[in-house]
Amino acid sequence: NKDQAPAAGGAGATTAASKSPEDGSGVYELVGFVSHMGANTSCGHYVCHIKKEGKWTIFNDRKVALSKAPPLDLGYMYFFRSVGSS
């Protein structure tokens, strides 16, 4: 098919060359992030904060608890979801 070409690195993989992804609304909601607990990156560990039903929860090894004040400004990686289209 002339609209498909092999993808880089994948034998036999194809991609649609004639279609471009549709843009969404450009509006996103923060739904999670990873932060570090410890004096520096050589000690301590990483934890995950997830927002579900409007409340933040911290996942810290075996402990899972509500987080009243998640450290939003100390994240290493942030996760967003699209919140619709306009």
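Computed over heavy atoms, backbone and side chain alike; hydrogens, waters and symmetry mates excluded. Remember, it's a predicted structure, so these values are computed and weren't measured experimentally.
- There is a path of hydrophobic side-chain contacts, each under 4.5 Å, that joins F33 to F80.
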Please set out all donor-acceptor pairs under 3.5 angstrom arising from side-chain atoms of residues 51-75, sequence neighbours excluded.
| unit_1 | atom_1 | unit_2 | atom_2 | d |
| --- | --- | --- | --- | --- |
| N60 | OD1 | H45 | NE2 | 2.7 |

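- In this structure, CZ in F79 is found 15.5 Å from OH in Y28, a value given to the nearest 0.5 Å.
- The ring pair (Phe, Tyr, Trp, His ring centres under 6.0 Å) test applied to Y46 returns H36, Y76, not counting sequence neighbours.
- When the side chains of ILVMFWY residues are joined at heavy-atom separations under 4.5 Å, either directly or via intervening members, V31 and M77 end up in a single hydrophobic cluster.
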